[in-house]
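Chain A is the first sequence line, chain B the second, and so forth, proteins listed ahead of strands; every chain is numbered from 1. Basis for what follows: all heavy atoms, side chains included, without hydrogens, waters or symmetry-related copies.
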Amino acid sequence: MSDKIVLIDGNSIINRAFYGVPDLTNSEGIHTNAIYGFINIMLKILEEEQAGYLTVAFDMKHPTFRHIKYPEYKGTRKGMPDELREQIPLLKEVLHAMGIRTVEKAGYEADDILGTIATRCSEQGMKVSLVSGDRDLLQLASDTILIRIPKTKRGGTEIENYNTAEVVEKYQVTPAQIIDLKGLMGDASDNIPGVPGIGEKTAAKILSAFETVENAYAHIDEVMPNKARESLREHYDLAVLSKDLATIKVDCELEYTLEEAKMPSLFTPEAFALFKRFEFKSLYNKFEGDVSRNDKLEEKFIEVTSKEEAEKIFQSILALKEARDLKELVTDGISTDRVGLMFACLEGTIVGVAVTYSEDTCYYLSANEVVSVEYILEQVNTIIEENIMLSAVSLKEMLPYIQATSTSKIYDMGLASYVMNPLKDTYHYDDIARDYLEITVPSREELFGKTKEKEVFENQKEVYKNFICYHSYIAYLALEKLSTQLYEANSLELFVDIEMPLIYTLYDMECRGIRVNKEALKEYGDQLEVRIKELEKKIYEHAGEEFNINSPKQLGIILFEKLHMPFAKKTKTGYSTSADVLEKLRSEDPVIDEILEYRQLTKLKSTYADGLATYIAEDNRIHGKFNQTITATGRISSTEPNLQNIPIRMELGRQIRKVFIPEDGYVFLDADYSQIELRVLAHMSDDERLIEAYKQEQDIHKITASQVFHTPLNEVTNAQRSNAKAVNFGIVYGISSFSLGQDLNITKKEADVYIKKYFETYPRVKEFLDNLVEEGKKNGYVTSLFNRRRPIPELSSSNFMQRSFGERVAMNSPIQGTAADIIKIAMIRTNQKLKDLKLKSRLLLQIHDELLIETHKDEIEQVANILKDEMQGAATLHVPLEVEVKQGNNWYEAK
DNA sequence: GTTCTCACG
DNA sequence: ACGTACGTGAGAACT
């Protein structure tokens, strides 16, 4: 063991890290940049040093703090930002998890503690490396004490190193004289005043002549230059005070032994758990491959191969009590009668199943000659039929294999985690285990690495078994915890009555898919191609050279440097060439119009014409995915492909909707909520005037214009109406006069007047929005009408921009979230009704406030009524929900 | 993998 | 003084 010790000034380094590393937050919204930066600096130093001992010291202020007698200096230090403050206890947690000795003592700053330890160690003949961002520490430098000051530079950390010689070279004074230097020149960053008029150069000169502040004063008449002499004469007390402030204690009484500071193993399972929570992905590989493996858990995963054993297991499961309502169970205490379920599945075929029905064991049944897939499925379906409670991690993916309906007693723990906190990126079994069970299990990535699932299955049977069993076991355990927490958050009904049934609706929609006219899509793409080629040629001619028009970088250079266009707006990396910038340049050069058109057409071609074509399946339909755990507000999202952003605003783009066609013998019915978000706002704010406006069932923007601009309804101009419309939108988004002004091309002041008038017209809306922000700040989250929570960590940010964002989110999320809740209810009911009535018509798409149904020609009127009734009746608000249903032979016609 | 741009509600 | 609309997903370019 080396007799070298590394000492770290915790406060100083975390402070450096905070300002040196760009803002990072994990998906819970916890700020992590300072912790991340600290750990990186520390690991870099430890790697270099190969020391035998390590200690991190922290400040701990105390009422009897020795500097309290000079409150005007040390006491007025600006408070640190909340984002940093919050990270300090978390950093300590990380350090302790890594086994690192930390020291803090009431009344001492970290540098006093470090000074003391460094001196003690040095006296024992050890080598000391003292890491701090604070140059005060340089007074401790010696031939055995190395002061290391990290600098965060672009592309990494560089460290300045100081023994005695380096201090002398850089400051022209000995380490011991550093305090005299500070006494004379002061230190603005540390609130040390120094002597006015004496800077670094003069101070060094004086000290080289007189060595100390006291000695200089004793020979005050000899001090040069004149200005410094007079200032020192007058401010000698200040110099002494400053010197005292700068002096680091080396004789603190500490209960500290070297034994405790022995270099720990650092990369422990506990540390790994925290690194995972903070999402320090680049540091995962520092841990030994299986540090995160929960071997004790894996001992509970039992593989079963014989038919007898399999039968016994299923019998035990079928002997469990029938499931009761989850809501009742939560208040009564959750029954242990439940089964965690996970299928092992390769290329659409089941190869096994894992079931857990006690916390002691998870059984893995690998399909084989005796325990066949058919047998397994039959048994699982019986369990479902018998109403035994099941818990899974990602139910939608299991639905192809089981016969479950929205009334089955199966609960999805991934979805439950989403309802608890919709801000996370993933809701895998390891996330659930970490967030709700406080246990660390290896993720898929850690188990499989880059090996394909099939290869793991074939070559690493044990790993594959564990992977499946973790799902089952975690699902089993999590049901109790998550349903309790959902209940406590008041969100259990949302989960049970809306989110869970919706899984089945979305699954139905995905299976059904939407029919596409392949040939028409091809034709559409070809037409675009022709026009794109023409535009390309023209643009090259105007530019005088060929370049990649799709490259913002190249385009920016052509426009703003070669053609000298005005209004160049910069982005981080270069010129902005976005549509709104180009829009302002249209009068400058005809090439701008061509570029705008080119952009539009290439977008249509690549994303839609070509993009959609790759998703057309054998049945000539596109089976996109609807994701239920993506958005922060509760909306669903659509991927592979995104069917929620098919063009409509521009005619040319809109044409693409003609390729979406119904099955032969069917038509499309498309039903749209009219201004659902504004209606939700009217309801939630309970503003009489807004409610009244909606009850009149008239043009809301016009009514708003009439009231905001004090104009009789029939005299409202188009311009007034469109301004009012923009204000209405702004309100829903969490308005600011700046953005409204930008949107309407008016000044911030004028926009302010609009907003003021709007709020005068609808005073309860103002009250409502203010209350949301306040509620968000108080609770850390806001809620929709159906108790969907959205945490808003940004609201407690000290950064103006982030906090403002949080405020807008607080105003928008309950509105957007409630609208999302409502249409989800409508979807479930509509889909259910179509099934119950055994209709041929099927729900295909949801586009946030719109549902598209492929309707059999015999069912048009009936389905139109169902759609309208279920959508309008999904919620009873203080204002009516209006729905418009249209019919067409393609999606273009139906809108 | 990140950035820019743009399609939708 | 700060520097914005809220919520998404995809393709292309570039690092």
Geometric cation-pi criterion A:Arg789 and A:Tyr781, 6.0 Å radius, 45° cone: yes
Side chain of A:Arg808, base of C:dG7: donor and acceptor closer than 3.5 Å? no
Counting the atoms with a prime plus P, OP1 and OP2 as sugar-phosphate, which does A:Gly734 contact under 4.0 Å by heavy atoms, base, sugar-phosphate, or nothing? nothing
Contact under 4.0 Å: A:Gln554 side-chain N or O vs C:dC14 OP1/OP2: yes
Heavy atoms only, 4.0 Å cut-off, all strands: where does A:Leu604 land among base, sugar-phosphate and nothing? nothing
Using only side-chain N and O atoms of A:Thr577, determine if any of them is under 4.0 Å from OP1 or OP2 of B:dT5. yes
Sugar-phosphate, base or nothing in reach of A:Glu640, heavy atoms under 4.0 Å: sugar-phosphate
Please report the distance separating the P of C:dT4 from the corresponding atom of B:dT3, rounded so that it comes out in whole Å. 15 Å
Under 4.0 Å from OP1 or OP2 of C:dA12: is there any side-chain N or O of A:Arg599 that close? no
Can you check the A:Asp425 CG to C:dT8 P distance for me, whole Å? 11 Å
What is the nucleic acid contact for A:Thr602, judged by heavy atoms within less than 4.0 Å: base, sugar-phosphate only, or nothing? nothing
Using whole Å, report how far CG of A:Asn548 lies from P of C:dG11. 17 Å
Test side chain to side chain contact (heavy atoms under 4.5 Å, CB included) applied to A:Asn890 - qualifying residues, sequence neighbours left out: A:Lys658, A:Ile661, A:Tyr892, A:Glu893
Just so I know, are the side chains of A:Phe547 and A:Ile539 near enough to count as touching, which here means a heavy-atom distance under 4.5 Å? yes
Does C:dG7 have OP1 or OP2 under 4.0 Å away from a side-chain N or O of A:Thr631? no
Ignoring hydrogens and angles, are the base of B:dT5 and the side chain of A:Ser578 linked by a donor-acceptor pair under 3.5 Å? no
Take the protein atom CG of A:Asn642 and the nucleotide atom P of B:dA7, then report the distance between them rounded to whole Å. 13 Å
Interatomic distance, A:His848 NE2 vs B:dC8 P [rounded to whole Å]: 12 Å
Determine whether a donor-acceptor pair (one donor, one acceptor, N or O, separation below 3.5 Å) exists between the side chain of A:Lys603 and the base of B:dC6. yes
Among residues 799-807 of chain A, which ones have heavy-atom contacts with DNA chain C below 4.0 Å? A:Phe800, A:Met801, A:Phe805
Which value, in whole Å, describes the distance between the P atoms of nucleotides C:dG3 and B:dC8? 30 Å
For A:Lys584, is there an ion pair with A:Asp580 - N to carboxylate O distance below 4.0 angstrom? no
Whole angstroms only, please: what is the CG-P distance between A:Leu795 and C:dT4? 19 Å
So what does A:Ile630 hit on the nucleic acid, given a heavy-atom distance under 4.0 Å: a base, only sugar-phosphate, or nothing? sugar-phosphate
Would you mind reading off the distance between A:Asp752 atom CG and C:dA5 atom P, rounded to a whole angstrom? 17 Å
A:Glu594 vs A:Lys537, salt bridge (charged side-chain N to carboxylate O under 4.0 Å, His left out): CA-CA, chis, key distance, verdict: CA-CA 10 Å; A:Glu594 287 156 9; A:Lys537 225 173 112 190; over 6 Å; no
How would you label the contact of A:Asp610 with the nucleic acid (heavy atoms, under 4.0 Å): base, sugar-phosphate, or nothing? nothing
May I ask you to say what A:Ala819 touches in the nucleic acid, namely base, sugar-phosphate or nothing, with a heavy-atom cut-off under 4.0 Å? nothing
Would the base of C:dT8 count as contacting A:Arg635 through its side chain, where contact means a donor and an acceptor less than 3.5 Å apart? no
Measuring to OP1 and OP2 of C:dC14, would you say a side-chain N or O of A:Ser551 lies under 4.0 angstrom away? yes
Within this structure, what is the CZ-to-P distance between A:Phe547 and C:dC14, rounded to whole angstrom? 12 Å
Nucleotide B:dC8, atom P - distance to CD1 of A:Ile636 in whole Å: 18 Å
Checking base pairs now: Watson-Crick or wobble, both atom distances under 3.5 Å. What partners C:dC2? none
It should be established whether A:Lys553 places a side-chain nitrogen or oxygen under 4.0 Å from OP1 or OP2 of nucleotide C:dT15. yes
If you count the non-hydrogen atoms of other residues, nucleotides and ligands that lie under 6.0 Å from CD in A:Glu561, is the total more than 12? yes
